[in-house]
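Proteins come first, then strands; the chains are lettered A, B, ... in the order of their sequence lines, and each starts at number 1.
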There are 2 protein chains.
Amino acid sequence: MLGVSVSTVGRALADRPEISDAMKARVRSLAEQHGYVAHSAARSMRTGHSTLIGLIVPDVRNDFYGAAAMALAKCCEDAGYQMVLAATRDDPDSELKQVRSLVEARAAGMVIALSPSPRRETLALVRRLRSTELIRDVAGGDTPWFGIDDHRGIETATLHLLDGGHRRIGYVGGQEALSTGRDRHAGFAAAFARRGLDLPADLVRTGPPDARFAEKAMAELWSSAHRPTAVVAAGAGLTVGVLEAIGRLGIDVPAELSAVGFGDAPWFRWWGPGLTTMALPVYELAYACGGHLLRQIERPAPAADEKPPRYRAMHSPTLIVRGSTANV
Amino acid sequence: MLGVSVSTVGRALADRPEISDAMKARVRSLAEQHGYVAHSAARSMRTGHSTLIGLIVPDVRNDFYGAAAMALAKCCEDAGYQMVLAATRDDPDSELKQVRSLVEARAAGMVIALSPSPRRETLALVRRLRSTELIRDVAGGDTPWFGIDDHRGIETATLHLLDGGHRRIGYVGGQEALSTGRDRHAGFAAAFARRGLDLPADLVRTGPPDARFAEKAMAELWSSAHRPTAVVAAGAGLTVGVLEAIGRLGIDVPAELSAVGFGDAPWFRWWGPGLTTMALPVYELAYACGGHLLRQIERPAPAADEKPPRYRAMHSPTLIVRGSTANV
DNA sequence: AATTGCAACGCAAACGTTTGCGCCATAAGC
DNA sequence: GCTTATGGCGCAAACGTTTGCGTTGCAATT
């Protein structure tokens, strides 16, 4: 329409120095006037990469992943990338589909909290992009990992109860298939070991990290012959389930039972007497994760023979004491 | 590698009938073996459209939008689309950027909860895609809208208090610039009108729909000479702020003050005596919204002269009575 | 006056798919 | 034996950008 070539228009819109200011102005005004918007697919095909960054999580309603999504969204936006959020509901097939479509889009990178038992193909695809793992440590290999110091977190929580005089402490945790499940369980045991005490093995319940399981597990613990005087819920979903059970069974907290959760939701301090919990630096963690990913992306591709050490960053949770724990 | 043309490979992978089964098998096995994944950008450029669907919300940590995201994600996945989630934090510039990048990607459609005062360019871009509005009704024009019957919802909540004998009822709501703010305020007034009572205008506070404002507003109401005996919080964020203030001021609920919220978070029933609230059918709403969008997308492009009536779907909230409201 | 330098722009290829059309076999119908 | 139909595949164009290189005109330098 201006009688100039496409390359000139392209360069003008890209603000290249080899185009005169007069021409730039003409091009821009005409583009604006006609509502021109670039075709990112065409650009992406030509350049070979896109500005998409994927975030794949089990559930955005979980406050943890919600916060992570907000943090990563901020990272991406500031750096000029777009975030694609996918929720897998811990369904391996859904997960595979989502990961595949990210690779198809030649995404610049991805942050993923993998499901407990991902498909083999999923892992292969994850390795194909610049990926970082969030929380769950399952991909193995050389994927950078950003997580919580689960061991120390649960150990701290448990020590808080032990030092309050509790001995019969129940544990409701995720299954051992997940790194988080393993590490937290180990932290629970470590606390007892550190105080030279025996672990009440009959009070340990592990399963899928959701509220349904936790509620059942808590009810079991409460109906046992030798009831616990305290309980550790080793996950966000699990904490919700334990609280559900406490409410349903009418357990008096902290008189009958002390409870400590893992992960801090805004409403925990309003729950009953206030829930003692381990607060996770979620936003910081996700922000660090996103920052690392972006640096990886901006950096020139590493040489094929170069083998960088695996990156593992652990952020420590902090104990927040509220009214749900009392000394015996 | 097989000595066949690209078109044959393309058709084989697309499972077209004009390719023999033997060839399809050979192509597929080789593709799998070499880890071939299609280049969606190239496809998108050739076909002119993509399978991306955008969801633009202020904040995914808000339980409302979190649930909406999960619902839309399910919709998209089942229909073979990918969901792109963007969080604007109600920042008009961020919003514009996100919308623009969706148009650049030639997204198949978008679901958007617009910020209170969007840029004009944003609205123009929104109209360019097949869009549906969620909750907030600001785009005007012919964008389909899926929302809550705010008027009826707040009216129901207020009637509940009025019929419990309350007369001095405080109202903490969003600003009038938002359709939600207007309708909810009107519903509050309508309840008084329906019972032939005068509205306590001195107890009405409107402002940005976040916890910070609500906490301040509630504190003001409580420090007024003629305190309210009940309060209506007309939004999710506002409800959180009101609860904050109640906790901070040590107000005894429901003895000193009855409180009713808007929007139901899972933890509301654990808060103090349990929060009476209007539960919103969020998941259903978002699912319907996504379904409508998908139908619009699959439908052949409407004729330019055809002017379909504006689509407006209102879902009604339901009152859930818990311990935070008492008769006077 | 001839050379050089540089600013400003055009040409054309390439990215990986999809698809209408054309081609070549073989099979079927007369 | 000739035409016609059909299954199976190749050719080539097109989608909208980006970019290396080539070209032009004009001013500055020798």
Side-chain angles (χ1 to χ4, degrees), chain A residues 1-52 80-82 100-108 125 128-129 297-298 300-301, chain B residues 1-52 80-82 100-108 125 128-129 300-301:
Chain A
M1 299 183 55
L2 282 173
V4 299
S5 73
V6 274
S7 11
T8 305
V9 176
R11 284 189 257 249
L13 292 174
D15 204 21
R16 294 293 194 82
E18 63 254 32
I19 302 294
S20 67
D21 291 346
M23 176 63 82
K24 281 181 188 172
R26 289 168 60 201
V27 169
R28 277 181 198 151
S29 87
L30 200 70
E32 176 127 5
Q33 193 177 327
H34 284 69
Y36 166 86
V37 280
H39 198 310
S40 61
R43 171 184 303 132
S44 159
M45 187 169 61
R46 163 71 220 218
T47 63
H49 57 261
S50 78
T51 63
L52 251 46
Y81 290 82
Q82 285 84 245
R100 172 180 289 280
S101 77
L102 274 183
V103 177
E104 287 189 351
R106 303 297 189 263
L125 287 170
R128 213 145 135 161
L129 261 44
I297 291 170
E298 311 273 335
Chain B
M1 299 183 56
L2 282 173
V4 299
S5 73
V6 273
S7 12
T8 303
V9 174
R11 283 189 258 251
L13 293 174
D15 204 21
R16 293 295 194 81
E18 62 254 33
I19 301 294
S20 66
D21 292 346
M23 177 62 81
K24 281 181 190 172
R26 288 170 60 201
V27 169
R28 278 181 197 149
S29 85
L30 201 69
E32 176 127 4
Q33 192 178 330
H34 284 69
Y36 165 85
V37 280
H39 198 309
S40 62
R43 171 185 302 134
S44 160
M45 186 169 60
R46 165 71 218 217
T47 63
H49 57 260
S50 77
T51 63
L52 251 48
Y81 290 83
Q82 285 85 247
R100 174 180 288 282
S101 76
L102 273 182
V103 178
E104 286 188 350
R106 302 297 189 266
L125 287 170
R128 218 147 131 157
L129 260 45

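Judged by distance alone, with hydrogens and angles left aside, B/Arg43 brings no side-chain donor or acceptor close enough to the base of C/dT17 to form a pair under 3.5 Å. A donor and an acceptor atom sit less than 3.5 Å apart, one in the side chain of B/Arg46 and one in the base of C/dT18. The base of D/dG8 has none of its N or O atoms less than 3.5 Å from a complementary donor or acceptor on the side chain of B/Arg26. For A/Ser7 against C/dC11, a side-chain-to-base donor-acceptor contact under 3.5 Å is present.
Atom CE of A/Met45 is separated from atom P of D/dC15 by 12 Å (rounded to the nearest Å). Note: NZ (A/Lys24) to C1' (C/dA8) measures 11 Å, nearest angstrom. Atoms CG (B/Leu13) and P (C/dT18) sit 9 Å apart, rounded to a whole Å. Remark: C1' of D/dG7 and CG of B/Asp21 are 12 Å apart, rounded to the nearest angstrom. To the nearest angstrom, C1' of C/dT19 lies 17 Å from CG of B/Asp15. Summarising the geometry, the separation between NE2 on B/His49 and C1' on C/dT17 is reported as 12 Å, rounded to the nearest angstrom. Here C/dT19 presents its C1' atom at 10 Å from CD of B/Glu18, a figure rounded to the nearest Å.
The backbone N or O of A/Ser44 lies less than 3.5 Å from no partner atom in the side chain of A/Ser50, so there is not a single donor-acceptor pair. The backbone N or O of A/Arg16 sits less than 3.5 Å from a side-chain atom of A/Lys24, completing a donor-acceptor pair.
If B/Val9 and B/Arg106 are placed on DNA chain D by their nearest nucleotide, the residue sitting closer to the 5' end is B/Val9. Comparing A/Tyr36 and B/Arg11 by the nucleotide of DNA chain D that holds the closest heavy atom to each, the one mapping nearer the 5' end is B/Arg11.
B/Ala14 comes within 4.0 angstrom of nothing in the nucleic acid, heavy atoms only. The residue B/Ala41 sits apart from the nucleic acid: no heavy atom pair falls under 4.0 Å.
A distance of 7.5 Å separates CE of A/Met45 from NE2 of B/His39, quoted to the nearest 0.5 Å. In this structure, NE2 in B/His34 is found 10.0 Å from OG in B/Ser29, a value given to the nearest 0.5 Å. A distance of 12.0 Å separates CG of B/Leu30 from OH of B/Tyr36, quoted to the nearest 0.5 Å.
Here the nucleotide nearest the side chain of B/Ser5, chosen from D/dC11, C/dC9, D/dT17, is D/dC11.
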